[in-house]
K.L.:
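The structure that follows is given in the form of structure tokens.
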Amino acid sequence: MLFNIFEIREKRLQNRLCAAPLASLSGGADGRPTERSLEVYGKIAASGVALVNVEHHAVNATGRVRPEQFLADSDEAASAHAKIAELIKNGGKIAVAQISHGGANISSDGIFGLEGFRCLSPSGVRVGKVWEKLSAEPEKLSLPEIKKIVEDFAAAAERLVRTAGYDGVMIHAAHGYLAGQFLSPLTNLRDDAYGGTGYRRARFLYEITDAVRRTLPDAVVSVRLGAADTLPDEKPHGLAVEDTVPVARELAALGVDLISVSGNLCGYGMDRANGSYFAPYAAAIREAVGGKVPVECTGGIRGIKSAEKLLGDGCCDLIGVGRPLVADAGFLDKWRNVI
């Protein structure tokens, strides 16, 4: 099944493999790609995967998590990113740019030295280990600021498709970044329209998704959804998959073309020895959406046997790979030889 053709919004994928968005740490201080960025994505484009999700682009200056992160806050920035989109599409791949806002989950204290940066969050709750050496605190977003960030997501999405030439965008709502912070009851302590119940905590994500879909009615729009704050083999704490199942249904109703399942405050399981660790979450979400939208499973899928089993068992429709690409851009040829 892995090498079967698949379609998303009338775009043909030559197989069911997607390159997961991985931070290359190659962006310049101005948020533009560098020569190293082109080298990284040139290798990924040549790897044989059918769809390439390019690492997160901050939708505005307050949304970056490190100085090396890409920016999509202007037409000039989007024009610079056109080189990466062209590289990917010239190889016959579907090119998707991930758009995000980091919120309180910063990866480097160097971010505070960048022009225009403010650390904004749902409730002023710190996320991540960088804060251990800082005296600063995240700011709580006001309602007008929330509305502005929603608008910035839609504007960034439009730039990356219309100006940079991407086939679509992926909304980042995982790994404890801003949309994930709104989803989690551990980081969202608000008592207004954006906090409290599961629906209200998801309102920010719904508004972003609706705004992006309306702005780009014909482009691919996907969501990287953090299914839970803990891994499947851990005791649930905070956001649970039972909370995100209705979120996935609503995203399907809003017209997304793909839901990519990962973790939320627990991250993406990089230090896990066992493979396919998000498979139970992907299976639950795929069952919930009932075939209305395809589901991608990522996280520790390191061989074709594992990938084929996930597809064959109906756990997901697409397979996301990250570390195999980093370790060996020619991994797909080796997977084929196993068949």
Side-chain angles (χ1 to χ4, degrees), residues 1-2 4-21 49-57 59 72 85 88-89 92-100 150 153-162 164-174 179-180 202 204-227 244-262 278 281-298 310-311 314-321:
M1 295 181 68
L2 188 63
N4 291 351
I5 289 173
F6 195 84
E7 285 195 0
I8 295 179
R9 191 159 285 269
E10 300 181 355
K11 294 187 181 297
R12 176 172 284 201
L13 280 64
Q14 294 303 314
N15 55 56
R16 296 192 181 207
L17 275 166
C18 306
V49 297
L51 185 152
V52 177
N53 292 297
V54 177
E55 64 193 272
H56 54 174
H57 299 62
V59 300
I88 295 167
K89 294 171 72 172
K93 314 295 190 297
I94 306 302
V96 173
Q98 189 180 64
I99 51 176
S100 74
V150 170
F153 265 90
E158 184 171 26
R159 289 185 195 105
L160 288 167
V161 171
R162 309 266 192 241
Y166 278 95
D167 294 302
V169 295
M170 170 186 272
I171 299 164
H172 202 342
F204 179 64
L205 175 57
Y206 296 156
E207 290 182 353
I208 290 170
T209 304
D210 186 52
V212 171
R213 178 80 283 169
R214 290 176 183 275
T215 301
L216 299 172
D218 301 319
V220 173
V221 175
S222 66
V223 173
R224 191 103 193 260
L225 182 61
T244 47
V245 158
V247 174
R249 291 196 190 103
E250 183 66 19
L251 292 174
L254 288 169
V256 301
D257 300 301
L258 174 67
I259 296 174
S260 175
V261 178
S262 190
F278 291 123
Y281 294 159
I285 287 172
R286 188 172 188 266
E287 181 179 3
V289 298
K292 294 179 181 178
V293 57
V295 170
E296 175 193 353
C297 183
T298 62
L310 291 170
L311 294 171
C315 172
C316 58
D317 304 282
L318 296 169
I319 299 293
V321 291

K.L.:
Report the residues that fulfil ring pair (Phe, Tyr, Trp, His ring centres under 6.0 Å) with Tyr206, sequence neighbours left out, ordered by chain and then residue number.
P.N.:
Tyr199

K.L.:
For a quick test of reading the model, state the closest non-hydrogen atom pair linking Val295 to Ala282 and the distance between them.
P.N.:
CG1-O, 3.9 Å

K.L.:
Just do the side chain to side chain contact (heavy atoms under 4.5 Å, CB included) check on Leu318 and Ile8 with the steps written out, would you?
P.N.:
CA-CA 11 Å; Leu318 296 169; Ile8 295 179; 3.8 Å; yes

K.L.:
Please report the interatomic distance CG(Leu310) to SG(Cys297), rounded to the nearest 0.5 Å.
P.N.:
5.5 Å

K.L.:
Ignoring hydrogens, what is the shortest heavy-atom contact between Val245 and Ala284? Give both atom names and the distance.
P.N.:
CG2-O, 4.2 Å

K.L.:
Specify the closest pair of heavy atoms between Ser262 and Ala174, including all atoms of both residues, with the distance to one decimal.
P.N.:
CB-CB, 4.5 Å

K.L.:
Hey, could you give me the CG/CD distance between Asn53 and Gln98, rounded to the nearest 0.5 Å?
P.N.:
7.0 Å

K.L.:
With salt bridge (Lys or Arg N to Asp or Glu O under 4.0 Å) as the rule and sequence neighbours excluded, what pairs involving residues 283-296 come up?
P.N.:
Arg286-Asp317

K.L.:
Give the minimum heavy-atom separation between Ala227 and Thr244, together with the two atoms involved.
P.N.:
O-OG1, 2.8 Å

K.L.:
Out of curiosity, Leu2 CG to Leu311 CG, how far, rounded to the nearest 0.5 Å?
P.N.:
6.0 Å

K.L.:
Heavy atoms only: give me the nearest Arg159-Ala72 pair and the separation to one decimal.
P.N.:
NH1-O, 2.9 Å

K.L.:
List the steps, then state whether side chain to side chain contact (heavy atoms under 4.5 Å, CB included) holds for Ile88 with Lys93.
P.N.:
CA-CA 6 Å; Ile88 295 167; Lys93 314 295 190 297; 3.6 Å; yes

K.L.:
Taking salt bridge (Lys or Arg N to Asp or Glu O under 4.0 Å) as the test, write out the residues that go with Arg9, two or more places apart.
P.N.:
Asp257

K.L.:
Apply ring pair (Phe, Tyr, Trp, His ring centres under 6.0 Å) to Tyr281 and list each qualifying residue two or more places apart in sequence or on a separate chain.
P.N.:
none

K.L.:
Show, in sequence, the C-alpha distance, side-chain angles and deciding distance for Phe204 and Val150, and conclude whether the side chain to side chain contact (heavy atoms under 4.5 Å, CB included) test is met.
P.N.:
CA-CA 8 Å; Phe204 179 64; Val150 170; 3.9 Å; yes

K.L.:
Mark yes when over 12 heavy atoms from residues, nucleotides or ligands other than Glu10 sit less than 6.0 Å from its CD; otherwise mark no.
P.N.:
no

K.L.:
In Å and rounded to the nearest 0.5 Å, what is the CD1 to CZ distance from Ile94 to Phe6?
P.N.:
12.0 Å

K.L.:
Show me the side-chain donor-acceptor pairs of residues 215-225 shorter than 3.5 Å, one per line, residues at least two apart or across chains.
P.N.:
residue	atom	partner	partner atom	Å
Thr215	OG1	Ala211	O	2.7
Arg224	NE	Ser260	OG	3.2
Arg224	NH2	Thr298	OG1	3.1

K.L.:
If I take atom CG from residue Leu13 and atom CD from residue Glu7, how far apart are they, to the nearest 0.5 angstrom?
P.N.:
9.0 Å

K.L.:
What are the two closest heavy atoms between Val289 and Val293, and how far apart are they?
P.N.:
CG2-O, 3.6 Å

K.L.:
Closer than 3.5 angstrom, by distance alone: can the side chain of Asp167 be matched with the main-chain N or O of Ala95 as a donor-acceptor pair?
P.N.:
yes

K.L.:
Step by step, would you call Arg213 with Leu254 a side chain to side chain contact (heavy atoms under 4.5 Å, CB included)?
P.N.:
CA-CA 8 Å; Arg213 178 80 283 169; Leu254 288 169; 6.0 Å; no

K.L.:
Roughly how far, to the nearest 0.5 Å, is CG of Asn15 from CD1 of Ile5?
P.N.:
9.5 Å

K.L.:
State which residues pass side-chain hydrogen bond (donor to acceptor under 3.5 Å, both in side chains) with Glu55; sequence neighbours excluded, sorted by chain then number.
P.N.:
Ser24, Tyr41

